[in-house]
Number of protein chains: 2
Amino acid sequence: MPKPERIDPTDARLLLALTEHPRATTVALAEQSGLSRNTVQARLASLDGGAKLRSFERRVDPTALGYPLTAFVTTQVTQRRLDQVAEALAAVPEVLQVHGLSGETDLLVHVVATDADDLYRVAGQILGIPGVERTNTALVMRQLVDYRLTPLLRRAAEQ
Amino acid sequence: MPKPERIDPTDARLLLALTEHPRATTVALAEQSGLSRNTVQARLASLDGGAKLRSFERRVDPTALGYPLTAFVTTQVTQRRLDQVAEALAAVPEVLQVHGLSGETDLLVHVVATDADDLYRVAGQILGIPGVERTNTALVMRQLVDYRLTPLLRRAAEQ
DNA sequence: CCATTGATTGTGCATTCTGCGCAATTTCCC
DNA sequence: GGGAAATTGCGCAGAATGCACAATCAATGG
């Protein structure tokens, strides 16, 4: 059975190389990571094939798309209607991601907006979903630490 | 000043094509998006060069790396020490991202962990940072809506 | 201790792609 | 209407890809 394939040290090295040069060719990656070209080819295939890599969309910057505002909307939901609420949230384009938190009735909704008015509109839309009882919108003012996985990747690369 | 270059409809089409086939060659992208090869080349260069694309690390799945647990730690901080706290948080590998929320003293810390014990340890480490006054850890139980930007990309692609 | 399996490596080759330059449009904006 | 910027088509030398095959190498289990 195909276990949720783990990233081994070799994969980690490759991913670190890719992080520095995302559009690098196979041969370039090979010499940078100290592997043979064939190995890199095989690994890359399994990275894409397996569940080790998430969608490319994650690399697109919403700000550059015209949505410079990011907010997290915590939402309290009637437990019974969790799935319906999730479906309704998925229908809102500005909703990028929804986490179901411990507590069974709390959702963390990641949204973006073009400006303050737009955010207000989106927040209202969420509050209007049947089953949503309470919401609280927190605007992201600043990135104190930008997303990074490199430290963990490095740890994985060193065996 | 170099505007935070926007993604235009052409870019959006390209990005949608890339979302489907991240490792596609330039020519393949050209015919899929209906652009000329030269244009695709130029656009790709400006995507990487400009601030339109975020780091490749975002595509690496922490679960595959051995960190299947995700949690959000809301943190209340002594305002004066915001920067020091941010620095200390950045020193923790399991901290993937830190958002500064409206309210000036509230942080949203995105962390991962190998298991419950590990999460407990990381949470304790955050609470131990000088300047951190209160924390609240919410474990992500389920992805109600997986990260997706495609709806907004499509909107941008249609003019 | 040895056999088997799977991953890695080196090598080779035909095909395809890349990275450029250049000239001709086309598009967009003032 | 005019001018700048973007797009397009074309070509070419060099590089990379995809694939196959055989030889190592490492880990596993009998």
Side-chain angles (χ1 to χ4, degrees), chain A residues 1-53 55-56 59-61 63-66 114 153-159, chain B residues 1-53 55-56 59-61 63-66 152-159:
Chain A
M1 59 190 154
K3 264 275 185 63
E5 335 185 17
R6 273 285 288 278
I7 292 177
D8 63 19
T10 304
D11 284 327
R13 288 229 306 277
L14 232 186
L15 291 170
L16 282 170
L18 267 173
T19 297
E20 289 193 60
H21 308 290
R23 303 271 321 161
T25 64
T26 308
V27 283
L29 292 173
E31 53 186 55
Q32 188 183 342
S33 59
L35 302 170
S36 84
R37 184 170 73 90
N38 286 341
T39 304
V40 172
Q41 239 174 280
R43 294 292 182 144
L44 279 182
S46 92
L47 284 177
D48 266 323
K52 298 173 186 172
L53 279 187
S55 160
F56 176 87
R59 293 202 52 203
V60 179
D61 186 354
T63 297
L65 241 190
T114 59
L153 263 181
R154 264 197 250 283
R155 179 186 288 179
E158 298 169 359
Q159 197 210 97
Chain B
M1 61 188 154
K3 267 276 183 63
E5 333 186 17
R6 273 286 286 280
I7 291 177
D8 64 18
T10 305
D11 282 328
R13 288 228 305 278
L14 232 185
L15 291 171
L16 282 172
L18 266 173
T19 298
E20 290 193 59
H21 307 290
R23 301 274 315 164
T25 64
T26 308
V27 284
L29 292 173
E31 54 185 56
Q32 188 182 343
S33 59
L35 303 169
S36 84
R37 185 170 74 89
N38 285 345
T39 304
V40 172
Q41 236 173 282
R43 295 292 183 143
L44 279 183
S46 93
L47 285 177
D48 266 325
K52 297 173 188 173
L53 279 187
S55 159
F56 176 88
R59 294 202 52 204
V60 179
D61 186 354
T63 297
L65 241 190
L152 292 183
L153 263 181
R154 264 197 251 282
R155 179 185 289 178
E158 298 167 1
Q159 197 211 97

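Protein chains get the first letters and strands the later ones, always in sequence-line order, with residue 1 at the start of each. Below, all heavy atoms of this structure are taken into account, side chains as well, without hydrogens, waters or symmetry copies.
- As rounded to whole Å, 19 Å separates atom P of D:dT7 from atom CD of B:Glu31.
- Here the nucleotide nearest the side chain of B:Thr10, chosen from C:dT8, D:dG18, D:dT7, is D:dT7.
- Under the side-chain contact (heavy atoms from CB on, under 4.5 Å) test applied with B:Leu44, the options B:Leu53, B:Leu29, B:Asp11 reduce to a single match, B:Leu29.
- Distance from the side chain of A:Arg37 is smallest for C:dC13 among the nucleotides C:dT8, C:dC13, C:dC20.
- One finds the CZ atom of B:Arg13 at 14.0 Å from the CD1 atom of B:Ile7 (value rounded to the nearest 0.5 Å).
- Atom CZ of A:Arg13 and atom P of C:dT8 are 11 Å apart (whole Å).
- Taking atom CG on B:Leu14 and atom P on D:dT7, their separation rounds to 10 Å, with Å as the unit.
- Contact record, B:Ala64 with A:Ala51: CB-O, 4.4 Å, taken as the closest heavy-atom pair.
- Following rounding to the nearest Å, A:His21 (NE2) and D:dA16 (P) show an atom-to-atom distance of 14 Å.
- Put simply, CG on B:Leu44 is 15 Å from C1' on D:dT7, counting in whole angstrom units.
- Residues B:Lys52 and B:Arg6 approach most closely at CE-O, 3.5 Å, considering heavy atoms.
- For A:Leu35, the side-chain atoms get nearest to C:dT9 when compared with the rest of C:dT18, C:dT9, D:dA6.
- Annotation: side chain of A:Leu47 is in contact with side chain of A:Leu15 (closest heavy-atom distance under 4.5 Å).
- Sequence order on DNA chain C of the closest nucleotides to B:Asn38 and A:Ser36 puts A:Ser36 first from the 5' end.
- Of the side-chain N and O atoms in B:Thr39, one or more sit less than 4.0 angstrom from OP1 or OP2 of D:dT8.
- Rounded to a whole Å, the CD atom of A:Gln41 is 14 Å from the C1' atom of C:dG12.
- Nucleotides of DNA chain C nearest to A:Ala42 and A:Thr25 differ in position, and the one nearer the 5' end is that of A:Ala42.
- The distance between atom CZ of A:Arg23 and atom C1' of D:dA15, rounded to the nearest whole Å, is 16 Å.
- Protein atom CG of B:Leu47 is 14 Å distant from nucleotide atom P of D:dA6, rounded to whole Å.
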